[in-house]
Amino acid sequence: MLELIKIESYKIAAKPRSYIGFAAIFAIVVLIQIALFADGQAYLDFLIQSLNQSFQIEGMGFNGNMVGFIILQTLIIQMPLLVALVSGDAISGEIQGGTIRSLLTKPVSRSRIVWAKFIAAELYTFLLILWLGILAWLGSLLFFGNGDLVVLKSDSLVIVRAADTVWRFLAAFGVAFLSLSVVVALSFLLSAFSENSIAPIIITMSIILLFTIIGTFDIPIFNAVKPFLFTTHMIIWRNFFDRPLPLTQIAASVGILIVHITAFLSVTLIYFNRKDITQ
Amino acid sequence: MKNALYVILLLSGIHLQAQTPNQTLHKAYQQFGKVKSFKSEVKIYFDLPSVSIEDMSGKAFYKAPSKFRIRLKGIAFLPKDNPFNVFALIKDSTQYASVGNGSETIGAETCKIISVIPNGDSDIIMAKIWIGTTSNCPLKMQITSRTNGVVLIENTYGRFAKNSLPDKMRFTVDMNKFKVPKAMAVDINNTPKKTATSTEKPKGTIEFVFANYTLNVVVDDSVFKEDGK
């Protein structure tokens with residue numbers, strides 16, 4: 001199994017498109033950091049001006065934790081695309097290229113092949129999150145310094161003390177990884193059904209886009225649907241920066257994400273095991 | 001003996017009746033006037049609508065006539081006005097006009113309510129002060145200023161009542177509703193809780209709990225400067 005994972009990881013590493021994600025994250029993070037370095041304080045002052053009229057706000061300096069958080073919530077919309085780019089063609093790419101037949105002649109079960117591909121895609125996702133964490137959070141801490149984190153919501157503000165941010169960021173990255181694993185599992189499912197390598201990537205992104213748009217609108221009919229959309233639970237990482245910590249909500253969302261991963265992967269395994277590969 | 005007691009009580013009553021608002025204010029100032037500076041520890045408790053912030057600890061510094069600063073690490077929401085400014089206002093009776101507004105009991109103490117209107121240019125438009133008749137301390141102050149609106153300060157006294165230094169100060173401040181466009185806050189998928197629409201501004205409270213006062217010590221002016229200035 002380990003050998004299979006190594007082979008699948010090598011396949012991912014050999015594709016130029018696998019590096020698009022790392023390059024895109026680098027470019028976006030550096031751009032946001034430069035922009036916030038230039039205008040971050042003015043941006044923050046503008047956002048909290050209504051509170052500034054009532055209080056003398058001490059210590060509200062722009063810092064690495066704030067920059068890291070802003071980047072994280074900006075990038076979380078784009079990350080699924082970067083993940084789907086690689087995981088979306090894991091199976092369909094082999095079908096389209098015709099390499100699937102030689103792969104299936106190997107003395108390993110189809111389930112093991114799917115598992116190896118999934119684990120390799122997960123490793124890729126992990127590295128992508130790690131890259132994001134190093135650049136967006138640790139890099140920002142290095143350039144902007146440490147300090148209290150201001151979590152800005154549309155109708156409220158949460159101040160998280162600097163000493164209290166490390167575990168919250170680590171937990172947030174952990175849940176972000178779990179969220180992206182749903183995208184990996186979904187694109188795997190679509191990849192198993194498709195014989196075209198691009199279609200699963202586009203369909204995965206379309207689904208995420210559609211669900212995100214539904215989540216953005218504050219319309220009663222959409223509000224009724226929101227709890228059933230996995231994208232609603234994908235942004236649960238933000239709740240690690242709430243106080244008091246909504247543990248029940250986090251646990252429920254984590255559970256829902258795991259159920260999605262299990263369901264998508266199970267259907268993929270069942271379908272791929274029965275798939276008639278003739279080409 | 002009994003008659004003598006009646007006379008004393010009667011005289012003290014007459015004395016209380018006869019005390020003008022200016023005299024009451026002067027008495028209150030005299031107690032605080034002995035304090036040229038102080039340092040103390042302070043614990044701050046916040047109860048602000050739409051702002052979630054933990055309690056904090058820091059140090060408070062005061063230097064006569066009107067320098068006050070709280071030094072702490074991290075982000076804090078503090079009242080804009082120096083809470084001891086009112087003493088600077090009542091220091092000189094030629095600088096204000098005062099009007100008695102009756103009396104009220106706060107806790108166990110009867111208070112004289114006095115409205116103070118500064119003469120000439122001042123940020124404070126009016127201060128309404130509840131001064132305890134026994135302690136001579138301001139138990140409550142409602143300060144209306146040009147820049148900061150109306151702030152209500154409620155004081156609780158302990159060991160340092162003789163210097164009008166409170167153990168506890170509770171500020172009630174009018175707040176503007178906090179609202180940021182969802183796109184700017186990148187707060188997608190958040191459905192704000194529907195609340196009854198009210199034209200009244202929400203009120204936030206900040207509580208200072210002072211401890212370990214050290215009076216009339218040297219306090220360097222640099223303490224009161226903004227960081228980096």
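Computation of the quantities below employed the complete heavy-atom set of this structure, encompassing side-chain atoms and omitting hydrogens, waters and symmetry-equivalent molecules. Keep in mind that what you see is a predicted model, and the values were worked out from it rather than measured.
- Using the six-membered ring where Trp is involved, B:F38 and B:F68 have ring planes that are tilted, between 30° and 60° apart.
- For a residue to count as touching a neighbouring chain, one of its non-hydrogen atoms must lie under 4.5 Å from one of that chain's; by this rule A:L51 touches chain B with the side chain only.
- Under 3.5 Å, the side chains of A:S156 and B:S50 contain no donor-acceptor pair of N or O atoms.
- The aromatic ring centres of B:Y157 and B:F160 sit 6.0 Å or more apart.
- Heavy-atom pairs under 4.5 Å with chain A peak, among B:I53, B:I70, B:D174, B:I75, at B:I75.
- For A:N65 and A:N146, the side-chain atoms include at least one donor-acceptor pair closer than 3.5 Å.
- Using a 4.5 Å cut-off between heavy atoms, B:V173 touches chain A through its side chain atoms alone.
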